[in-house]
Peer 1: 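Below you'll find the structure I mean.
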Number of protein chains: 2
Amino acid sequence: MSAAPTPGRTGPRRALTQDQIVSAALTLLDASGPSAASIRGIAAKVGVAPNAVYTYFPDKAAVVKGVVERLLGEVDHTASGDDAGSWRDRVAALAVELRRALLAHPGAVPLMIGGPMDGPHALALNERLLELLADAGLDPADAARAAYLLIVYAFGSIAMEVADQHGVAPMPPEQDRIAARLDAFAAIPATHLPRTAAAASVMAGYVSEAQYVWGLHRVLDGISPG
Amino acid sequence: MSAAPTPGRTGPRRALTQDQIVSAALTLLDASGPSAASIRGIAAKVGVAPNAVYTYFPDKAAVVKGVVERLLGEVDHTASGDDAGSWRDRVAALAVELRRALLAHPGAVPLMIGGPMDGPHALALNERLLELLADAGLDPADAARAAYLLIVYAFGSIAMEVADQHGVAPMPPEQDRIAARLDAFAAIPATHLPRTAAAASVMAGYVSEAQYVWGLHRVLDGISPG
DNA sequence: TACAGTATTTGTACGGTGTGCAAACAGTGT
DNA sequence: ACACTGTTTGCACACCGTACAAATACTGTA
């Protein structure tokens with residue numbers, strides 16, 4: 001991901017950068033969903049033969065990793081700064097910001113769950129959470145466990161929200177998605193699934209920031225010290 | 001998924017059933033990871049031309065849905081029966097059983113996050129959770145929200161645990177996976193990420209039943225009424 | 001028993017995928 | 001001017017999902 005020109009080397013200058021390739025992949029992902037981010041499509045987008053991509057990345061998985069890292073880099077950590085209130089408020093702000101950043105590129109979300117998130121920005125997010133949870137008074141081991149719980153909740157929630165749209169890009173407005181779910185739930189047989197049928201209107205609203213924040217606060221309740 | 005022979009119809013008898021195809025897909029998934037579950041591979045496994053699969057399923061996505069449903073059907077709900085103690089114990093037993101069932105087929109886990117889980121077994125799981133949470137004293141709306149929180153936690157946790165292995169099948173033993181993570185974390189720069197570096201040993205244990213249960217109990221703490 | 005009708009299966013084919021290999025090319029240091 | 005090296009390309013391979021038409025196997029009816 002570094003664009004260092006490596007001054008003393010021979011051969012022709014590179015026509016591209018890794019960032020340009022990642023950007024092209026993300027553009028295709030946003031425009032046409034997860035299946036559109038093919039090596040051939042990316043290469044065409046940046047005006048190069050498909051094989052040229054392999055000069056910059058060893059394989060497609062590496063490109064995907066680059067896209068994931070890019071997205072995690074777009075998470076604004078200042079929203080959880082020291083002037084943002086209590087540690088709870090700051091964790092909540094970071095979680096909401098994470099959801100915003102990821103839902104801005106729904107086509108890329110399924111790619112995150114495909115492999116481990118161990119890049120620099122993923123680690124930075126982890127470090128930030130550890131700081132916030134240390135401020136909360138948790139000892140380091142509990143802070144780490146709690147940080148992972150928060151990460152699992154956030155990514156799980158966002159992934160399931162995107163999965164509900166099964167890869168349609170871009171993400172329709174929340175109200176439309178909720179309305180569509182409500183329609184689908186109308187077919188639930190109340191005889192066999194009485195509680196599910198009765199809860200249909202609440203379940204329709206699963207894919208919303210409100211549910212995300214509600215669940216987040218239950219998790220925060222659970223990890224609060226004392 | 002029904003094997004009804006439909007007695008009064010013409011044409012040759014089917015050579016297969018939907019269940020056989022789903023079984024073949026699952027076998028391939030278990031043996032060789034997510035990429036092995038191709039239509040062609042499945043067809044070869046059941047001894048039929050690739051196109052024949054399309055007599056039983058409209059497209060590959062439907063086969064995948066069948067696999068997901070099969071897996072959810074393998075979740076043993078009796079582990080959370082009325083004689084299993086408090087509502088917390090029963091929810092925990094169900095969650096642990098869900099993890100067991102899914103980690104038995106790690107290659108299939110990424111497929112679950114690819115689309116909405118709205119099949120009969122998924123709804124039955126939801127219904128069971130609603131029952132357990134009603135027993136806990138939650139009103140229907142909160143029970144539904146809490147059920148979704150639990151589902152998000154369980155599937156998010158399991159999906160991330162599988163992702164950490166990036167599709168290797170079968171799942172290595174927990175100790176091996178934790179040891180491998182610990183090795184990887186040794187490269188974390190303590191200067192820029194002091195808390196993460198210090199927490200490496202805890203973070204290595206993220207992919208364990210112990211962490212899963214710990215987080216589960218924090219969630220249960222958060223949703224407990226009163 | 002012969003026939004018509006239909007559901008199943010297959011052969012073939014199309015356009016797509018990731019990516020390996022060898023040749024062509026472009027730029028730098030000597 | 002030349003050798004060297006990294007970049008890019010053309011071509012090819014094996015594989016993918018799946019559409020289409022032909023062949024096949026079975027049932028209900030005449």
Side-chain angles (χ1 to χ4, degrees), chain A residues 2-22 24-25 28-29 31-68 107-108 110-111 114-115 166-167, chain B residues 2-22 24-25 28-29 31-67 107 110-111 114-115 166-167:
Chain A
S2 69
T6 316
R9 66 151 192 65
T10 75
R13 290 180 197 114
R14 292 189 161 187
L16 305 169
T17 64
Q18 290 188 111
D19 278 346
Q20 279 177 279
I21 292 170
V22 169
L28 288 170
L29 243 12
S32 315
S35 64
S38 67
I39 292 288
R40 293 172 135 91
I42 294 166
K45 189 97 189 170
V46 295
V48 103
N51 321 359
V53 174
Y54 291 90
T55 305
Y56 301 87
F57 294 94
D59 51 28
K60 185 181 180 178
V63 180
V64 166
K65 262 192 138 172
V67 171
V68 170
L111 306 178
H166 64 282
Chain B
S2 70
T6 319
R9 63 151 194 67
T10 72
R13 291 182 196 111
R14 293 187 162 189
L16 305 169
T17 64
Q18 290 188 110
D19 277 346
Q20 281 176 278
I21 292 170
V22 169
L28 289 170
L29 243 12
S32 316
S35 65
S38 67
I39 293 288
R40 292 172 135 92
I42 294 167
K45 189 99 192 170
V46 295
V48 102
N51 322 358
V53 174
Y54 290 91
T55 307
Y56 301 86
F57 294 94
D59 52 27
K60 184 181 180 178
V63 180
V64 167
K65 262 191 135 168
V67 171
L111 305 177
H166 65 281

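Chain letters run A, B, ... following the sequence lines, proteins first and then strands; every chain starts at 1.
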Peer 1: Show me, range against range, the stems involving DNA chain D, built from at least 3 consecutive Watson-Crick or G-U pairs below 3.5 Å.
Peer 2: C:1-30 with D:1-30
Peer 1: Given C/dT8, is OP1 or OP2 found less than 4.0 Å from the side-chain N or O atoms of B/Tyr56?
Peer 2: no
Peer 1: May I have the distance from B/Arg14 (atom CZ) to D/dT27 (atom P), rounded to whole angstrom?
Peer 2: 15 Å
Peer 1: Are any of A/Arg13's side-chain N or O atoms less than 4.0 Å away from OP1 or OP2 of C/dG27?
Peer 2: no
Peer 1: To the closest 0.5 Å, what do you measure between CD1 (A/Ile42) and CZ (A/Phe57)?
Peer 2: 8.5 Å
Peer 1: So, does B/Arg14 use its side chain to make a donor-acceptor pair with the main chain of B/Thr55 at under 3.5 Å?
Peer 2: yes
Peer 1: If you pin B/Ala52 and B/Pro12 to their nearest nucleotides in DNA chain C, which one's is more 5'?
Peer 2: B/Pro12
Peer 1: Nucleotide by nucleotide, 5' to 3', does protein get under 4.0 Å of the base (B), only the sugar-phosphate (S), or neither (-) in nucleotides 12-22 of chain D, counting heavy atoms?
Peer 2: B---BBBBB--
Peer 1: Show the nearest heavy-atom pair for residues B/Lys45 and B/Ala24, with the distance to one decimal.
Peer 2: CG-CB, 3.8 Å
Peer 1: What is the separation between atom CD1 on B/Ile21 and atom P on C/dT8, rounded to the nearest whole Å?
Peer 2: 11 Å
Peer 1: For the pair made of CD1 in A/Ile42 and C1' in C/dG16, what is the distance, rounded to whole Å?
Peer 2: 15 Å
Peer 1: Looking at A/Asp59 and A/Ala62, would you say the former's side chain and the latter's main chain have a donor-acceptor pair under 3.5 Å?
Peer 2: yes
Peer 1: Testing the basics here: between A/Ala37 and A/Ala25, what is the closest heavy-atom pair and its distance to 0.1 Å?
Peer 2: CB-O, 4.3 Å
Peer 1: Looking at every heavy atom in both B/Ser38 and B/Lys60, which two are closest together, and how far apart are they?
Peer 2: CA-NZ, 4.1 Å
Peer 1: Mind listing the closest non-hydrogen atom pair of B/Pro34 and B/Gly107 along with its distance?
Peer 2: CG-O, 3.7 Å
Peer 1: Within a strict 4.5 Å, meaning less than it, do heavy atoms of the A/Val48 and A/Ile21 side chains meet?
Peer 2: no
Peer 1: CG of B/Leu16 versus C1' of C/dA7: gap in Å, rounded?
Peer 2: 14 Å
